[in-house]
Amino acid sequence: MAREKKERRFRVAPDTTTEVAGERASSTGVLVFSAVLCAGAFAAALAAAWLIVGAVTLPGIVGAAIVGLIALSSCHVAQQWERVVVLRLGRFNRVSGPGLFWTWPVMEANTLRVDTRTRVTTFYAEETLTADLVPLDVDAVLFWHVWDAKAACLEVGDFTRAVEMAAQTALRDAIGRAGAAEVAIRREQLDRELKRVLEEKTAPWGVTVLSVEVRDILLPRELQEAMSLEAQAEQRKKARIILMEAEQDIFETLAEMEDLVGGPDAVGRLRTMHLLNESLREGKGTVVIPSAFAEGFNEGVGDLIKG
C-alpha cells in the first residue's frame with residue numbers, strides 16, 4: 001500500500017499524440033508505395049533473368065526476390081512532420097526527410113523517426129511540500145516539440161521520457177521554493193518559471209518548450225477554510241474602513257452647516273434623524289421612542305388609587 005502511494009506521487013501521464021480519434025495521419029500510402037516498389041523491382045529482376053537465361057528458373061526467382069528486398073530496404077518515405085536520423089556504419093551521417101530518400105543497404109540504418117509536431121504532456125506533483133510545509137497537489141500541462149532530430153537522437157536515450165521527468169522535477173522544485181498562498185495566487189509567475197527552467201534543461205536535447213500551463217492547484221481542506229476566513233476578515237476590515245471614512249465626510253459636512261441649522265445640538269439631532277431614517281428604510285428592526293404620554297397616565301392612576 002505504501003509503495004503504491006509512493007508511485008502515485010511520482011505519476012506522469014504523457015499524452016504525446018497531437019491528433020484525436022478519426023483524425024490520425026494514415027501511413028497507408030507509404031505502405032502501398034513500398035509494396036509497389038518491391039513488386040516492381042522483383043518483376044524487373046525476374047524479367048532480366050528470363051531474358052538472360054531464356055526461362056524462369058529457381059535461382060532467377062531467388063535473385064529477383066533479393067533485388068526486391070534490397071529496393072525495399074533502400075527506398076524510404078518520411079511524412080511531412082517526420083525527420084529520420086540516418087547512421088552509416090554506426091556513425092551519424094545525416095537527417096533525412098520529409099519525402100522520399102534513399103539509404104545504402106546494410107551500410108546505413110534509419111535509427112530514429114522523430115515527430116516534429118507539437119506534443120502535449122500532462123504531469124502532476126502530488127502532496128508536494130511548499131516552503132511553509134503545506135502539501136499541495138498540482139496538475140500541469142506541457143507543450144513542446146523537437147526542433148533538432150540529431151540532438152534528440154544522440155544526446156539523450158529517450159527524449160520523451162526525459163522531458164516528462166524534467167517537467168515534473170521542475171514543478172516540484174518550484175513549489176518547494178514558494179509558500180502555499182504564493183503558489184495559489186501567482187499561477188502565471190509559476191508558469192513562466194517552469195518554462196524558463198525547462199528551456200535551459202531541454203535545449204541540449206533539441207527540444208523547445210512552447211509553454212507550461214498549471215491547470216489546477218488543490219489545497220488541503222483545512223487550509224482552504226482558513227484562507228476563506230482570512231479573506232472574509234479582510235473584506236470586513238475594508239468595509240469598516242470605508243464606513244468610517246464616510247462618517248468622517250458626513251460630520252465634516254454637518255459641521256459646515258452649524259450656522260445654518262442652529263448650532264452643534266441641532267446638528268446632532270439632524271444626524272440622529274438621518275440614522276433613524278436609514279434604519280427604518282432597511283426594514284430590519286423596530287424603533288422605540290420614549291413618550292411623556294405614558295408617564296402622565298401612570299401619575300393619574302397613582303393619584304386615583306391614593307384617593
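Predicted model only: the values in this text are computed from it and were never measured.
- Side-chain atoms of Trp144 and Thr121 include a donor-acceptor pair closer than 3.5 Å.
- Comment: Lys150 does not engage Glu155 in a salt bridge, judged by the lack of any side-chain N to carboxylate O separation of less than 4.0 angstrom.
- Considering only heavy atoms from C-beta on, Leu87 stays 4.5 Å or farther from Asn93 through its side chain.
- When all heavy atoms are compared, the tightest approach of Val183 to Ile217 is O-CD1, 3.3 Å.
- Without hydrogens or angle criteria, Asp216 side chain to Val138 main chain gives no donor-acceptor distance under 3.5 Å.
- Side-chain polar atoms of Thr116 and Trp81 form no donor-acceptor pair below 3.5 angstrom.
- Between Cys75 and Leu100 the shortest side-chain heavy-atom distance falls below 4.5 Å.
- A salt bridge links Glu108 with Arg94: at least one charged nitrogen is closer than 4.0 Å to a carboxylate oxygen.
- Proximity of a side-chain donor or acceptor of Ser74 to a complementary backbone N or O of Ala71 within less than 3.5 Å is not detected.
- Judged by distance alone, with hydrogens and angles left aside, the side-chain atoms of Gln168 form a donor-acceptor pair with the main-chain N or O of Tyr124 at under 3.5 Å.
- Note that CD of Glu213 and CZ of Phe143 are 5.0 Å apart. Values are rounded to the nearest 0.5 Å.
- Expressed to the nearest 0.5 Å, how far CZ of Arg119 lies from CG of Leu142 amounts to 11.5 Å.
- Here the OG1-CD distance, from Thr122 to Glu164, works out to 10.0 Å after rounding to the nearest 0.5 Å.
- Atom CG of Leu194 sits about 11.0 Å away from atom OG of Ser211, to the nearest 0.5 Å.
- Between the side chain of Asp137 and the main chain of Leu218, no donor-acceptor pair closer than 3.5 Å is present.
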Worked check of side-chain hydrogen bond (donor to acceptor under 3.5 Å, both in side chains) between His76 and Thr103: CA-CA 8 Å; His76 311 276; Thr103 59; 2.9 Å; yes
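- Here the CZ atom belonging to Arg172 is positioned 13.0 Å from the CZ atom belonging to Arg177, to the nearest 0.5 angstrom.
- Considering every non-hydrogen atom in both Ser73 and Pro105, the closest pair reads OG-CB, 4.2 Å.
- Ion pairing between a basic and an acidic side chain is recognised when a charged N comes within 4.0 Å of a carboxylate O; Glu199 and Arg196 show no such pairing.
- Glu82 places a side-chain N or O within donor-acceptor distance of the main-chain N or O of Gln79, the cut-off being under 3.5 Å.
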